Amino acid sequence: MSRLALAVVALAVAVPVTAAEKPNIVVIVGDDMGYADVGFHGCKDIPTPNLDALAKADTRFTSGYVSGPYCSPTRAGLLTGRYQTRFGHEFNGNGPEVGLPLSETTIADRLKTAGYATAWVGKWHLGGADKFHPQKRGFDTAFGFLGGAHPYFPGKGEPILRGTKDANETEYLTDAFGREAVSFVDKNKAKPFFLYLAFNAVHTPMHATDERLKKFADIKDNQRRTYAAMMWAMDEAIGKLLAKLKEEKLDKNTLIVFFSDNGGPTMQGTSVNGSVNTPLRGSKRTTLEGGVRVPFVMSWPGKIPAGRVFAAPVIQLDVLPTALAAAGVEIKADWMLDGVNLIPHLSGPVLKDPHDALFWRFGQQTAARKGDWKLVKYDAVADGGKGTSPARLYNLADDIGEKTDLAAKHPDKVKELQGAWDEWNKGNVAPLWGGGKK
Ligand code: CA
């Protein structure tokens, strides 16, 4: 083993921490956000001051990925730290037997075992049957809805649950989720806690409050104006949570992660929710960058350097091992995690990229990223074409928009990435339920 590799191994070993030192862990997920639609990616018409403050003060990732282009699969990857194709959770699905397979152990299970108070607030989308309920998957408390989308004004849609009972919620949903997040922190401030705050904003249906719509009266397009007002609501709710952490002097000892569960749904040139993915090509539903590359921020004051822009690819699968390492939990090889602990990569000098390569499988669509190279077969329908594209090769270093196919020019690179994908795919299983439906 080289000295470099030894150094990496030494840094990657979890440092034992006492209960008093254990950081709180907050994972915030947005839904169907456009890559372009945050201030820290240069968005001009929708201010996101609280997310920007998080990105500016801490580390933002310019190659932050999710392991799928749809809601449910990426949540399965997040909560397990494993490519969801390892256990058949490849697609969204419906029905009583569809849910995060019970064979899998969640981040909440692991942190609960480590002495954390654990809470889920928001959208679940990992199974509606009793056996898949968040409180059976490691979360002490649960507040939110179990499906994949929900109206934002009270009185419609499936019940908003507190535990397993109808909460009879009366607030605009994004405000309610923010309120519950703050309340959880208040109740658990004396012990280490894990909060999984999964907004359904800015997923359809497009519902915003009149007050917030007025704030964006200058935006002429009705869809974009509503989207802006919904994004503002989410940013406000995040701001309230950050303020609460500061007020309780917990901000320094809290690891916060934020990302969107997939890219903006901009299929065939018509954005479903008003989102924009530029300069990326493609959309939610595709393995092009527009489907899987997302706004992604990580914050842990004092442990992760402030204001850093981290360009090497990371993925939401890294959240679980990073959080567990922060909590002093030893990661076992037989957990078969695909994610890695990012802390040594973020806190010290950059020794090597966290991942040798990243991979995707979503039905016929596939992708592999290795260094700056990406080999991708994508949903050409979403791009105005037909079926699934042939394998195309892009160099993302100077072609982030995946415009120039270099497959014919670099056949060796195609072979190398295809070989790496084939090897990775040997560790996947057939989907447990079928394909591609929203
Ligand atoms: Ca989504």
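In listed order, ligands and their atoms are each counted from 1. From a predicted model like this one, the values you see are computed outputs, not experimental measurements.
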Pair Trp360 + Tyr65: ring centers closer than 6.0 Å: yes
Trp373 CH2 to Asp399 CG distance, which is reported to the nearest 0.5 Å: 10.0 Å
Number of protein N/O/S atoms that sit closer than 3.0 Å to the Ca ion (ligand 1): 6
Test log, rule ring-ring contact (aromatic ring centres under 6.0 Å, His included), inputs His89 and Trp433: CA-CA 8 Å; His89 204 126; Trp433 49 83; 4.8 Å; yes
Side-chain donor/acceptor of Asp58 to backbone N/O of Met298, under 3.5 Å: no
Candidate pair Tyr70 and Phe91, rule ring-ring contact (aromatic ring centres under 6.0 Å, His included), full reasoning: CA-CA 7 Å; Tyr70 256 1; Phe91 302 111; 8.5 Å; no
Check: Asn428/Asn425 side-chain N/O donor and acceptor closer than 3.5 Å: yes
